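The next block holds one structure in the form of structure tokens; read it before the comments.
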Amino acid sequence: MLDVQSTEGTVKLEAPRQRKLGVGILGAGTVGGGLIRLIQEGLAHRAVAVEIKKVGVRSLVKPRSFTLPDHLLTSDLKPIVDDPEIDIIVEAMGGLEPARSLIERALRAGKHVVTANKHVVSEWGEQLHQLAAAKGCSFLYEASVAGSIPIIEILKEGVIPDRIHSVYAILNGTTNFILTRMTESGEDFHAALAKAQELGFSEPDPSFDITGKDAGQKLSILISILKNQHCHPAQIDIRGIDFLMPWDFQFAAERQWVIKPLSIYEEVDGFGFACVEPVFVPRQSVFASARNEYNALCLDCQHIGQQILIGKGAGELPTASALLSDLRKIAESPGRPQTLRLQTEPGTLTQFRSSIENPKSYRFYVSCCPRQPEKRRKIYEVFSIDSELIQERSPCARSGFRLAVVTKAIPHSELFRILDLVLSFDPDAEVSWVRILEAI
Ligand SMILES: NC(=O)c1ccc[n+]([C@@H]2O[C@H](COP(=O)([O-])OP(=O)(O)OC[C@H]3O[C@@H](n4cnc5c(N)ncnc54)[C@H](OP(=O)(O)O)[C@@H]3O)[C@@H](O)[C@H]2O)c1
């Protein structure tokens, strides 16, 4: 009740009751189910004024982590998106289709959309942003990158008042979990992957995690926001973690390095270089302390130096809490749509280039197992020119000797010139390399 003074004295006015916004949730597995629990059971520290109107799933008989009246659950998703009582669609199904078409349909119908789907955002973000802006709707996706760490909000809102010229990040909890187990327990790759699957960290298809594709999609989303222009995942060089062998971990440990699955964006001479790859970082690095399924980001800023964020990057409640924070933004000011207007003017865009063209120099660890032992001396000679350490390590089954090399600081182009030369002497040599990042 409000007391209002008028010429006839004080009158009581009923405050207009705010209508709760109707929410339709597409997908109620780990993340969608977590969101339903957060909304219903009051697990969040601040309530959000929304009402769950419908929940779309594939199976109506599957046991769920939440309880809902039967009539709210449906396997027919289009009517949810078309329902006039629903103001916000939360997409937590995953995969490209039908998720993308349903998001598009919702925006066309003038509904706000919140999604956790990095696949859709990284590949279709530009079109969906344009559609949302044209329709005056919000299109938000905090949950698509780094789970509980609000990195999208930080980049989008310019919370850090400085130019961010590089981003180093662990964006994939599964590969971080696997590399942590291989480092700390000496577990082999397959056993560590099986454990990650058992704990529910990995994507349904783990090859998305292992090959670096998942982290590449997340990095492309961050770059798109950072540079305010669309960066497609295909513009990012990705390398998986499955080439790493026990001797690589042993060598790293002896020299006080740890192997971490990093997503990297660096600007050099006005060009952008983006990649996902395992790297060696010093044991004292902040990334070394981000173990198991944790994510971490280091934003390298022009004037204020490095800003570090660490938190849980996956799992039911960390990811659902990111969806909830987007829902809250919409519920608190539904009339103020929030979406990015990505720039498209060719003259203002940053050009993204392949890592091999990055002129910056790094030290690299190289492991080389030749097929032809008689090429030993020649291969030694090739490496010796640009290297500060060449060790002959435990014998390799195929040739009797294996080299572990640490190069001097050289650009990628020089590394590949050396590796090409080695392979020209011995085309079947088994060669792998890992970049060493010392300053993070
Ligand atoms: N899990 C994480 O830690 C995490 C972290 C960050 C982002 N994400 C993202 O969040 C999204 C959801 O992941 P999740 O782990 O929650 O997946 P999930 O456990 O497999 O849940 C997917 C949900 O969507 C429903 N669904 C999928 N396809 C459907 C279709 N064609 N028709 C109707 N319902 C369909 C499933 O129905 P049923 O239950 O009936 O099978 C299930 O409820 C993905 O985009 C993922 O990348 C997940």
Side-chain angles (χ1 to χ4, degrees), residues 24-38 52 54-66 68 70 72-81 89-103 105-106 113-125 128 140-152 169-177 196-209 213-222 233 292-295 311-327:
I25 301 177
L26 310 179
T30 307
V31 175
L35 177 67
I36 294 169
R37 294 204 309 121
L38 283 177
I52 298 172
K54 280 279 178 212
V55 174
V57 290
R58 232 181 327 229
S59 159
L60 295 177
V61 293
K62 207 172 178 178
R64 303 283 166 189
S65 62
F66 52 86
L68 267 185
D70 283 350
L72 293 192
L73 214 59
T74 173
S75 58
D76 198 1
L77 303 193
K78 277 188 191 155
I80 303 183
V81 172
I89 291 293
V90 177
E91 185 276 310
M93 304 162 61
L96 197 53
E97 290 295 348
R100 188 206 62 81
S101 322
L102 289 166
I103 291 174
R105 193 178 175 105
V113 171
V114 170
T115 178
N117 194 323
K118 60 230 151 198
H119 198 156
V120 169
V121 178
S122 62
E123 295 197 6
W124 289 87
L128 295 172
L140 300 177
Y141 41 87
E142 186 65 70
S144 65
V145 183
S148 62
I149 306 175
I151 183 62
I152 291 184
I170 298 174
L171 297 177
N172 182 275
T174 307
T175 46
N176 195 27
F177 180 86
Q197 286 175 307
E198 185 191 315
L199 293 173
F201 297 142
S202 76
E203 287 290 307
D205 174 0
S207 69
F208 258 67
D209 297 312
K213 205 169 167 180
D214 172 89
Q217 290 173 344
K218 292 169 177 169
L219 182 62
S220 77
I221 294 173
L222 294 187
N292 294 323
E293 77 273 27
Y294 272 73
N295 280 194
K312 283 197 176 164
E316 182 194 20
L317 295 185
T319 314
S321 70
L323 287 178
L324 191 69
S325 104
D326 281 347
L327 267 183

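Since the model is a prediction, treat every value here as computed from it, not as a measurement. Order of listing sets the numbers, starting from 1, for every ligand and every atom in it.
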Contacts of Y141 that satisfy ring-ring contact (aromatic ring centres under 6.0 Å, His included) - sequence neighbours left out: H129, F139
Per-residue contact class, T115 against ligand 1 - non-hydrogen pairs under 4.0 Å: neither
Atoms of ligand 1 close to A92 [distance to a heavy atom under 4.0 angstrom, numbered from 1]: 12 (C), 22 (C), 23 (C), 24 (O)
With E123 via salt bridge (Lys or Arg N to Asp or Glu O under 4.0 Å) - residues at least two apart: none
G94: numbered ligand 1 atoms lying under 4.0 Å from its heavy atoms: 44 (C), 45 (O)
Those atoms of ligand 1 less than 4.0 Å from some heavy atom in G315: 2 (C), 3 (O)
K62 and ligand 1 - part of the residue with a heavy-atom distance under 4.0 Å: side chain
Options S75, G29, A146, ranked by nearest heavy atom to atom 42 (C) of ligand 1, top entry: G29
Atoms of ligand 1, numbered as shown, that sit under 4.0 Å from any heavy atom of L77: 32 (N), 33 (C)
Per-residue contact class, R64 against ligand 1 - non-hydrogen pairs under 4.0 Å: side chain
Selection from V57, T74, T319, V61 by shortest heavy-atom distance to atom 6 (C) of ligand 1: T319
Atoms in ligand 1 flagged as close to A28, the criterion being non-hydrogen separation under 4.0 Å: 23 (C), 42 (C), 43 (O)
Validation row: S65, E316 side chains within 4.5 angstrom (heavy atoms): yes
Nearest atoms (heavy-atom pairs only) where M93 meets L102: SD-CD1, 4.0 Å
CZ on F177 to CD1 on I170, rounded to 0.5 Å: 14.0 Å
Part of A143 with heavy atoms under 4.0 Å of ligand 1, whether side chain, backbone, both or neither: backbone
Side-chain heavy atoms of I221 within contact of S144, under 4.5 Å: yes
Nearest-0.5 Å distance, CG of residue N176 to CG of residue L171: 10.5 Å
Geometric N/O contact A314 with ligand 1, under 3.5 angstrom: no
Residue selection (non-hydrogen contact nearest atom 15 (O) of ligand 1) among I25, L323, D76, T30: T30
A28 versus I36, closest heavy-atom pair with distance: CB-CD1, 4.0 Å
Distance-minimising heavy-atom pair for L317 and G34: CD2-O, 4.0 Å
Close-contact set for ligand 1 against S59 heavy atoms, below 4.0 Å: 40 (O)
side-chain contact (heavy atoms from CB on, under 4.5 Å) partner of L26, the single match among I103, V90, V81, N117: V81
Winner among L96, V31, L73 once heavy atoms are compared against atom 8 (N) of ligand 1: V31
Ligand 1 contact on K118 by region, counting heavy-atom pairs under 4.0 Å: side chain
Atoms of ligand 1 close to N117 [distance to a heavy atom under 4.0 angstrom, numbered from 1]: 45 (O)
Smallest separation among heavy atoms of L72 and I52, with atom names: CD1-O, 3.8 Å
